[in-house]
2 protein chains.
Amino acid sequence: MIVALRLLALGDIGTVTALTHLRVARPHRADAARNYDAILAAARLAFAEQGADAPLEEIARRAGVGIATLYRNFPTREVLIENVYITEVEVVCEAAREAESLAPRAGLYAWLRRFVEYIGAKQPLAAGLNRESTAYLECRRALYAAGGPLLERAQRAREVRADVAIDDVMRLASAIASGHFPQAEQRERVLTVALDGLSTPPG
Amino acid sequence: MIVALRLLALGDIGTVTALTHLRVARPHRADAARNYDAILAAARLAFAEQGADAPLEEIARRAGVGIATLYRNFPTREVLIENVYITEVEVVCEAAREAESLAPRAGLYAWLRRFVEYIGAKQPLAAGLNRESTAYLECRRALYAAGGPLLERAQRAREVRADVAIDDVMRLASAIASGHFPQAEQRERVLTVALDGLSTPPG
DNA sequence: ACTCTAGTGATAGTTGCCCTCCGCTTGCTA
DNA sequence: TAGCAAGCGGAGGGCAACTATCACTAGAGT
């Protein structure tokens with residue numbers, strides 16, 4: 001029975017994490033599609049280097065397209081940021097599948113570490129994201145759908161305290177991901193402390 | 001001996017947390033001093049409402065002064081943000097004194113809760129702060145000087161795990177403070193989980 | 001191979017904000 | 001109460017976001 005539930009959960013992750021519909025439609029014509037890709041690639045780079053405030057005109061220049069083409073595909077800076085962000089979230093959601101093969105608590109923690117690592121690296125990007133936007137809310141929903149089963153499994157095994165919801169766990173992890181740490185290893189260490197808190201029985 | 005150490009620590013907090021020297025000097029002439037206060041008050045309000053990107057011209061308008069007056073007192077947006085921030089940090093540092101009268105772990109945790117509450121409310125402000133600036137580094141130093149003795153006391157009493165430094169604890173707390181939580185009560189709850197992790201023996 | 005249309009880059013213009021310069025005003029001090 | 005420096009407000013230059021227009025080109029469909 002538990003096996004059946006787990007398989008069901010696995011199946012869900014695949015469908016639930018499909019975020020493709022949130023993306024700006026990729027143009028059909030070959031040259032236009034090439035431009036679309038070039039803009040996204042240049043944006044990813046520019047946002048990583050200069051933060052979410054990177055000049056759009058420079059992104060267009062780096063992509064080898066006119067500024068009008070950039071705006072035609074991504075009408076606002078926000079839409080562009082979202083489209084870069086969605087890709088990262090999809091990667092993390094996929095990782096939840098692998099985590100299912102580990103022991104309950106180990107699986108949850110491994111996935112959370114992965115989440116912190118990926119999202120933490122994209123911190124300046126996420127800072128430029130509108131937290132009320134459909135895309136952001138959908139990304140969150142997808143992440144919860146990916147992590148929820150992992151948490152429940154660990155709680156059923158009594159390896160994680162029962163008085164926390166996936167929303168609490170994700171916000172704790174998000175906070176550590178977006179917090180400022182001079183070295184990645186310190187973020188790791190602090191995350192470990194926080195995860196020890198998740199293992200502690202309440203009281 | 002321990003008593004002596006504690007008193008020494010208490011004495012230190014008072015001198016070490018003096019951040020006044022980091023502030024922009026308040027002008028001597030009466031009208032100029034009034035403007036200085038009005039600008040800081042308007043800035044605090046505007047940053048709280050609109051975040052650290054609030055237009056400086058609007059702050060000047062709200063303060064009832066010309067834009068030039070604002071720039072004369074606070075040459076860059078960063079300096080203005082810092083001056084608002086310093087006030088908050090001073091309040092939190094003061095609070096460390098009261099915490100000394102509680103039991104070791106309770107005192108540390110009470111102070112950390114206070115820190116998260118205060119700094120969390122100023123999150124958009126802190127986001128606009130340059131983390132390399134002298135003012136920011138001094139604020140951090142002052143906070144460490146205030147919290148360090150509390151942590152050490154709790155560790156000596158074996159009520160908090162010994163394998164964490166004040167830098168770890170503060171960064172964990174900062175992350176939770178700057179994380180996004182729809183309700184203050186959820187932040188409280190998540191902080192509790194993290195603090196449970198601090199109480200857990202390592203391993 | 002040919003057409004025709006979706007898509008393109010360039011450019012010029014508007015807006016909003018940052019920041020500086022400059023001539024006027026106001027409050028201290030004697 | 002008079003002189004004068006400290007302080008003032010607003011005009012204006014600069015920069016980046018975003019919009020609109022247009023002559024053109026490359027690819028999709030026949």
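Below, chain A is the first sequence line, B the second, and so on; all start at residue 1.
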In whole angstroms, how far is the [atom2] atom of [N] from the [atom1] atom of [X]?
| X | N | atom1 | atom2 | value |
| --- | --- | --- | --- | --- |
| A/Arg61 | D/dA17 | CZ | P | 12 Å |
| A/Tyr36 | C/dA6 | OH | C1' | 17 Å |
| B/Arg77 | C/dC17 | CZ | C1' | 9 Å |
| A/Asn73 | C/dG7 | CG | C1' | 10 Å |
| B/Phe74 | D/dG7 | CZ | P | 13 Å |
| B/Leu70 | C/dC17 | CG | C1' | 13 Å |
| A/Glu78 | D/dC18 | CD | P | 10 Å |
| B/Leu56 | D/dG9 | CG | P | 15 Å |

ask   = Does the B/Arg189 side chain pair with the main chain of A/Val164, one donor and one acceptor, at a distance under 3.5 Å?
value = no
ask   = For the side chain of A/Trp111 and the backbone of A/Arg97, is there at least one donor-acceptor N/O pair under 3.5 Å apart?
value =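 Absent.
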task = Look at all strands and tell whether B/Pro27 reaches a base, only sugar-phosphate, or nothing, counting heavy atoms closer than 4.0 Å.
result = sugar-phosphate
request  = Pick base, sugar-phosphate or nothing for A/Arg34, based on heavy-atom distances below 4.0 Å to the nucleic acid.
outcome  = sugar-phosphate
ask   = So, is B/Thr69 near the phosphate of D/dG9, with a side-chain N or O under 4.0 Å from OP1 or OP2?
value =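 Answer is yes, contact under 4.0 Å.
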inquiry  = Please confirm whether the shortest side-chain N or O distance from A/Asn35 to OP1 or OP2 of C/dT8 is below 4.0 Å.
reply    =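 The answer is yes; a side-chain N or O of A/Asn35 sits under 4.0 Å from OP1 or OP2.
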task = Find the distance between OG (A/Ser178) and CZ (A/Arg187) and round it off to the nearest 0.5 Å.
result = 8.0 Å
Rounded distance (nearest 0.5 Å) linking atom CG of B/Leu151 with atom CG of B/Leu198 = 8.0 Å
Any donor-acceptor N/O pair under 3.5 Å between [N] base and [X] side chain:
| X | N | answer |
| --- | --- | --- |
| B/Glu57 | C/dC19 | yes |
| A/Arg29 | D/dA28 | no |
| B/Arg72 | D/dG9 | yes |

Minimum-distance nucleotide to [X] side chain [options: [options]]:
| X | options | result |
| --- | --- | --- |
| B/Ile67 | C/dC18, D/dC18, C/dC19 | C/dC19 |
| A/Asp31 | C/dC18, D/dA26, D/dA17 | D/dA26 |
| A/Ala68 | C/dC18, C/dG9, D/dG27 | C/dG9 |

key: A/Cys139 vs A/Glu82 side-chain heavy atoms within contact, under 4.5 Å   =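 No, too far: nothing below the 4.5 Å cut-off.
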ask   = Quick one: on DNA chain C, does B/His28 or B/Glu58 contact a more 5' nucleotide (nearest heavy atom)?
value = B/Glu58
query = When the C1' atoms of the five terminal pairs at each end define the local axes, what inter-axis angle does the helix from C/dA1-D/dT30 to C/dA30-D/dT1 show, to 10 degrees?
reply = 20°
task = Quick one: closest heavy-atom pair of B/Thr87 and B/Asn83, and the distance?
result =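 That would be OG1-O, 3.5 Å.
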key: Minimal non-hydrogen separation, A/Asn73 against A/Pro27, with atom names   =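 It is OD1-CG, 3.7 Å.
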query = Is there a donor-acceptor contact under 3.5 Å linking the side chains of A/Asn130 and A/Tyr136?
reply = no
